[in-house]
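All values reported here derive from a predicted model rather than from experimental measurement. Below, all heavy atoms of this structure are taken into account, side chains as well, without hydrogens, waters or symmetry copies.
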Amino acid sequence: QVQVVESGGGLVQPGESLRLSCAASGFRLEDYAIGWFRRAPGKEREGFSCISSSDPSTYYTESVKGRFTISRDNAKNTVYLQMNSLKPEDTAVYFCARHPGIACSDNWYAVWEYDYWGQGTQVTVSS
């Protein structure tokens, strides 16, 4: 059974850090790119990062570039998201998703590019 499961969310103050994990099971993580998405209150789900399998190439939107770092450990079947300098506007439910290919596509930020999703983990940034 293919699954991706997020963990590591929580409540932090502005400027603090969190590391999210995306644990994969039921498939070989090394054969797939993985994306991170988030859904803020009242907003649509948005893709903000993707990591390819082989290089691994990484991609970010401007909203998180320089603050968030995506990485992967294929031996542990896990993708990580290190989030630094968190802001209140980063408050959202965070999801990881499997991309049906080894590399992030040109539309890596699009929801329809991904085939399996986790249930999400809540990140709240508030003082």
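- One finds the OG atom of S71 at 8.5 Å from the CD atom of Q82 (value rounded to the nearest 0.5 Å).
- The six-membered or imidazole ring of F27 lies near that of Y32, with a centre-to-centre distance under 6.0 Å.
- A donor-acceptor contact shorter than 3.5 Å is absent between the side chain of Y80 and the backbone of D73.
- Salt bridge status for R28 with D31: present, with a side-chain N to carboxylate O gap under 4.0 Å.
- Residues W36 and C22 share a closest heavy-atom pair of CZ2-CB, 3.7 Å.
- Of all the heavy atoms in T78 and S21, the pair that sits closest is CG2-CB, 4.1 Å.
- For R72 against A33, the heavy-atom pair with the smallest separation is NH1-CA, 4.0 Å.
- Residue K76 qualifies as open at atom NZ: its count of foreign heavy atoms under 6.0 Å is 12 or below.
- For the atom pair CZ (R39) and OH (Y94), the distance works out to 12.5 Å, reported to the nearest 0.5 Å.
- Taking the six-membered ring for Trp and thresholds of 30 and 60 degrees, F68 and F48 have ring planes more than 60 degrees apart, a perpendicular arrangement.
- For the pairing with S17, the side chain to side chain contact (heavy atoms under 4.5 Å, CB included) check across N84, L86, V12 returns one residue only, N84.
- In terms of hydrophobic clustering, with Ile, Leu, Val, Met, Phe, Trp and Tyr side chains grouped at heavy-atom distances under 4.5 Å, I70 and Y116 are assigned to a common cluster.
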Requested in this report: Evaluate the side chain to side chain contact (heavy atoms under 4.5 Å, CB included) criterion for residues L81 and T69: first the C-alpha distance (whole Å), next the side-chain angles of each, then the deciding distance (0.1 Å), finally the verdict.
Outcome: CA-CA 6 Å; L81 183 70; T69 303; over 6 Å; no
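- For the pair D90/V123, no side-chain contact is recorded, criterion being any heavy-atom separation below 4.5 Å from C-beta on.
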Report task. Please step through side chain to side chain contact (heavy atoms under 4.5 Å, CB included) for the pair C96 and V4, ending with a clear verdict. Result -> CA-CA 7 Å; C96 65; V4 290; 3.8 Å; yes
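- Smallest separation of non-hydrogen atoms from E113 and S105: OE1-OG, 2.9 Å.
- In this structure the side chain of R67 reaches within 4.5 angstrom of the side chain of S85, judged on heavy atoms.
- Residues V79 and W108 fall into different hydrophobic clusters, defined by Ile, Leu, Val, Met, Phe, Trp and Tyr side chains chained together at heavy-atom separations under 4.5 Å.
- A donor-acceptor pair under 3.5 Å links the side-chain atoms of E6 to the main chain of G120, judged by distance alone.
- In this structure, the side chain of S52 engages the main chain of C104 through a donor-acceptor pair within 3.5 Å.
- A donor-acceptor pair under 3.5 Å is absent between the side-chain atoms of S49 and the main chain of Y60, judged by distance alone.
- Residues P100 and D115 come closest through the heavy atom pair CB-OD2, 3.5 Å.
- The number of heavy atoms from other shown groups lying within 6.0 Å of CD (Q119) does not exceed 12.
- Side chain of S126 to backbone of T124: no donor-acceptor contact under 3.5 angstrom is found.
- Taken together through direct or relayed side-chain contacts under 4.5 Å among Ile, Leu, Val, Met, Phe, Trp and Tyr, I51 and V64 form part of one hydrophobic cluster.
- A heavy-atom distance below 4.5 Å is found between the side chains of E46 and R38.
- Hydrophobic clustering, with ILVMFWY side chains joined whenever heavy atoms are under 4.5 angstrom apart, groups I34 together with V2.
- The line from CD of Q3 to CZ of R98 is 12.0 Å long, rounded to the nearest 0.5 Å.
- Between V125 and T91, the shortest heavy-atom distance links the atoms N-OG1, 2.9 Å.
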Requested in this report: Evaluate side chain to side chain contact (heavy atoms under 4.5 Å, CB included) for W117 paired with F37, printing each intermediate quantity in order.
Outcome: CA-CA 10 Å; W117 293 79; F37 290 72; 3.6 Å; yes
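- Linking Ile, Leu, Val, Met, Phe, Trp and Tyr residues whenever their side-chain heavy atoms come within less than 4.5 Å places Y59 and V111 in a single cluster.
- The six-membered or imidazole ring of F95 lies away from that of Y114, with a centre-to-centre distance of 6.0 Å or more.
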